[in-house]
Amino acid sequence: MTDEKSTFSYAAGDAPEPEGAIGAHRPAPEDEPMGKHAAAGDPAPARPAWVDAAASDPSEDETALPDARTEAQHFAEIAPELAADAGLAGAAIEHVAAKDEAASSPTAPQPDFLGDQDTGELPPLDALEAAVAAAELHAPDDTAEIDVAHLESKLSDPGTTQSFQPLTEERVVTDSTYDAGTTTSLMWGARSDVGCVRSHNEDSYLVASPLFAVCDGMGGHAAGEVASSIAVETIGKLSPGTADAAKLAAAVEAANSAIIEAAAQGIGRPGMGCTATVAYIEGNTIAIAHVGDSRAYLVHDGVLTRITRDHSYVEELVDAGEITADEARVHPNRSVITRALGSDPAMYADHFQLNIEEGDRLILCSDGLSSMIPDNEIESIAAKSSTAQMCTDNLVDAALAAGGADNVSVVVVDVVDDGRLKKVIRTHRRNVFIAIGLLVAAVLITIAFLFYSISNSIFLGVNGDTVGLFRGLPGEVAGIHLNRLEEETSIKLTDLPEDTQNRLREGISQESLEQAWDTLSDYRQQINDAQTKQAEDGETIRESAKAEQQAQEAEAARGGAGDTPQTAEADPADAASAPQDTQTQPQEGGA
């Protein structure tokens with residue numbers, strides 16, 4: 001595909017032909033990387049894509065190469081200092097513009113290098129932050145032009161029944177540069193290639209985990225690459241530190257303002273612009289901000305789903321049902337986009353959030369991929385690639401094998417840990433801590449209750465062979481007595497009724513110390529009453545015995561006064577023999 005991109009707007013039913021030529025930028029030397037490689041944690045700032053873009057063109061005069069490379073090397077050495085002053089873009093872009101003017105002269109030599117002329121600066125960071133604040137103030141919560149609920153339902157689809165051909169060996173071999181990295185939760189690969197037709201690469205990409213972006217420049221040589229580079233640099237500086245789609249869109253809209261301001265200051269060319277597809281991954285949430293015809297795909301359970309909508313003329317035709325998606329890939333106006341960075345100060349970015357899971361794969365790409373191979377082949381390649389970088393290389397190689405009519409930039413991110421397992425572990429650990437805490441609290445409460453009970457409970461019990469006043473609870477736990485003797489008494493256990501003795505052995509609880517003393521007084525009163533009654537009963541018994549004895553003695557005294565009464569009171573057996581004795585005696589007396 002050799003068509004150049006342009007932006008347009010039109011009233012309903014009136015669609016003019018695309019305007020504005022889009023340049024290309026020359027391929028970088030073999031020993032220099034292409035694209036925007038801004039992985040997080042790099043020891044030195046990565047060189048922007050548009051700096052590499054100004055490297056030597058193989059078609060130019062070979063005699064100019066040594067000096068050109070010497071000056072390019074010099075520029076690379078001073079680039080960090082220039083970047084620190086926010087003047088890198090101005091110096092390089094102005095010099096590229098000067099080189100283009102010189103190259104247009106039929107007699108002028110065409111050395112291919114970047115000079116150190118400083119003719120302008122990027123907008124200050126304060127202005128960009130103000131643009132972000134304004135965008136956040138007016139940005140809606142969600143401007144997604146897709147049905148998120150329907151999209152998430154598609155992601156839960158169990159799979160596909162399509163069958164694809166395996167990759168060929170030619171697609172694995174590549175000589176282009178790439179970025180690859182991994183964290184505890186993400187693994188990614190990135191690659192940008194000039195393609196087989198274009199003379200320079202206008203694409204830029206950003207890898208600053210968990211922030212990823214792909215920008216496809218437009219506007220001609222020394223312009224499209226400038227716009228895309230400014231976009232990724234601005235987005236990288238102003239992106240939020242969380243998966244907030246609205247704030248991410250605000251950073252994209254600030255990049256739009258930065259590109260417009262740069263063009264107004266003479267950096268690049270008027271009308272330059274770029275697309276932007278940006279993703280921020282946090283746990284199991286992904287925030288997307290999108291402008292233009294770059295795309296974001298999500299592979300879930302082996303099924304590829306496009307989660308962005310192209311802002312292009314052919315996409316509107318597809319939505320209207322006038323052409324099919326396959327026809328859109330070869331449509332003459334396929335490079336005409338309806339929304340892009342740098343085209344309109346009032347431009348806004350689509351933004352939304354999606355839930356992702358461990359094992360999902362995110363693909364960000366420029367239209368150099370999506371216009372070369374259909375989505376079903378992208379799905380097949382993604383399913384057959386075991387790592388993110390292998391998937392990136394296979395996709396770029398597939399686009400080159402299909403013709404490579406445009407620059408191809410691909411960023412693939414694998415979610416290797418969405419944090420759910422850690423969340424489960426944290427939840428389990430928290431539950432264990434809660435259980436331990438509750439157990440400790442229960443033990444402490446029990447100890448406090450026992451202490452309170454021991455300190456405030458009163459009961460009467462057995463202290464040896466007497467009644468004792470105890471403070472605490474009756475009994476013991478693990479051989480530890482839960483009570484202590486508060487007061488000894490002189491009340492003997494044997495002086496109390498047997499039922500009271502048994503209750504005292506078990507412990508008789510008292511509501512208060514006063515009640516305990518009252519109970520002891522009752523015990524003493526009972527004992528005294530019992531002893532008094534016993535004494536009275538003893539006295540009664542003694543008096544009764546004494547009276548009986550006296551009666552017996554009186555009877556005995558009366559019996560001693562004569563025989564008759566004694567005989568009369570004698571036993572009847574004795575009375576039977578009495579007459580015989582009486583009769584005998586007279587006989588004897590008579591004798």
Side-chain angles (χ1 to χ4, degrees), residues 142-160 162 164 183 185-191 205-207 209-214 243-245 248-249 252 275-311 315 325 349-367 369-370 373-392 394-396 398 409-420:
D142 197 332
T143 62
E145 297 184 11
I146 61 173
D147 187 345
V148 176
H150 175 67
L151 180 58
E152 290 187 336
S153 66
K154 289 177 64 178
L155 294 179
S156 61
D157 193 337
T160 177
Q162 295 175 333
F164 305 99
T183 64
S185 59
L186 301 175
M187 180 181 295
W188 65 87
R191 178 180 166 189
Y205 65 82
L206 174 65
V207 174
S209 179
L211 176 67
F212 305 91
V214 168
D244 188 321
L248 192 63
V252 174
T275 66
T277 301
V278 189
Y280 193 103
I281 301 175
E282 182 179 18
N284 63 343
T285 302
I286 179 172
I288 298 290
H290 168 69
V291 175
D293 62 351
S294 298
R295 290 184 178 181
Y297 295 93
L298 188 63
V299 182
H300 178 78
D301 289 340
V303 179
L304 180 82
T305 303
R306 176 155 65 104
I307 60 176
T308 55
R309 179 184 179 276
D310 293 349
H311 300 137
E315 184 81 356
D350 290 354
H351 57 277
F352 53 90
Q353 287 181 340
L354 289 174
N355 291 326
I356 56 176
E357 297 179 359
E358 184 176 325
D360 288 353
R361 172 170 285 176
L362 174 69
I363 301 175
L364 306 180
C365 65
S366 63
D367 67 331
L369 175 69
S370 58
I373 58 176
D375 288 358
N376 60 357
E377 187 172 353
I378 296 177
E379 180 183 57
S380 175
I381 295 173
K384 296 176 186 296
S385 302
S386 58
T387 67
Q389 187 58 51
M390 183 179 293
C391 181
T392 301
N394 290 339
L395 289 173
V396 173
S409 295
V410 178
V411 175
V412 177
V413 185
D414 288 346
V415 181
V416 297
D417 182 6
D418 60 2
R420 294 187 180 184

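Note that the numbering runs from 1 along the sequence shown for the chain. Please read these numbers as outputs of a predicted model, since none were measured by experiment.
Look at Arg295 and Asp310 and you find a salt bridge, because one of the NZ, NE, NH1 or NH2 atoms lies within 4.0 Å of a carboxylate O, short of that distance. Salt-bridge check for Arg306 with Glu315: passed, with a basic side-chain N closer than 4.0 Å to an acidic carboxylate O.
Side-chain atoms of His311 and His290, non-hydrogen and from C-beta on, do get closer than 4.5 Å to each other. Residues Val416 and Leu186 fail the side-chain proximity criterion, which asks for heavy atoms closer than 4.5 Å. Side-chain contact between Glu379 and Val303 is present, with at least one heavy-atom pair separated by less than 4.5 Å. The side-chain heavy atoms of Ile378 and Ile373, taken from C-beta on, include a pair separated by under 4.5 Å. In this structure the side chain of Leu211 reaches within 4.5 angstrom of the side chain of Leu248, judged on heavy atoms. Looking at heavy atoms from C-beta onward, Phe212 lies out of side-chain contact with Leu206 at the 4.5 angstrom threshold.
Taking all atoms of both residues into account, the shortest heavy-atom contact from Ala249 to His351 is CB-ND1, 3.4 Å. Scanning both residues, Ser294 and Ser366, for their nearest heavy atoms gives OG-CA, 4.0 Å. Across all non-hydrogen atoms, the minimal contact from Ala388 to Met187 is CB-O, 3.6 Å. Shortest non-hydrogen contact noted between Trp188 and Thr183 is CZ3-CG2, 3.6 Å. For Thr392 against Ala190, the heavy-atom pair with the smallest separation is CG2-C, 3.7 Å. Between Ala382 and Cys391, the shortest heavy-atom contact is CA-SG, 3.8 Å.
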(request) Begin from the C-alpha positions of Val412 and Leu362 and carry the test side chain to side chain contact (heavy atoms under 4.5 Å, CB included) through to its verdict. (result) CA-CA 6 Å; Val412 177; Leu362 174 69; over 6 Å; no

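Here Asp350 contributes atom CG and Thr308 contributes atom OG1; the two are 9.0 Å apart, rounded to the nearest 0.5 Å. Between the CG atom in Leu298 and the CD1 atom in Ile363 there is a gap of 9.0 Å [rounded to 0.5 Å]. Atom CD1 in Ile307 sits 9.5 Å away from atom OG1 in Thr277 (nearest 0.5 Å). Considering CG of Asp414 and CG of Asp360, their distance stands at 9.5 Å, rounded to 0.5 Å. Distance check: Asn284 CG to Ser185 OG gives 11.5 Å after rounding to the nearest 0.5 Å. A distance of 10.5 Å separates CG of Asn355 from CD1 of Ile286, quoted to the nearest 0.5 Å.
Judged by distance alone, the side chain of Ser385 and the main-chain N or O of Ile381 form a donor-acceptor pair under 3.5 Å. Looking at Gln353, its side chain does come within 3.5 Å of a backbone N or O of Ala243 through a donor-acceptor pair.
Applying the side-chain contact (heavy atoms from CB on, under 4.5 Å) criterion to Ala383, with sequence neighbours excluded, gives no partner residue. Applying the side-chain contact (heavy atoms from CB on, under 4.5 Å) test to Glu358 and every residue at least two apart in sequence or in another chain returns Asp417, Asp418.
Checking Thr275 against Asp293 by side-chain atom types alone, no donor-acceptor pair falls below 3.5 Å. Looking at Asp244 and Tyr280, their side chains never bring a donor and an acceptor atom within 3.5 Å of each other.
When Val278, Val410, Val411, Leu369 are each tested for a side chain to side chain contact (heavy atoms under 4.5 Å, CB included) with Val214, only one passes: Val411.
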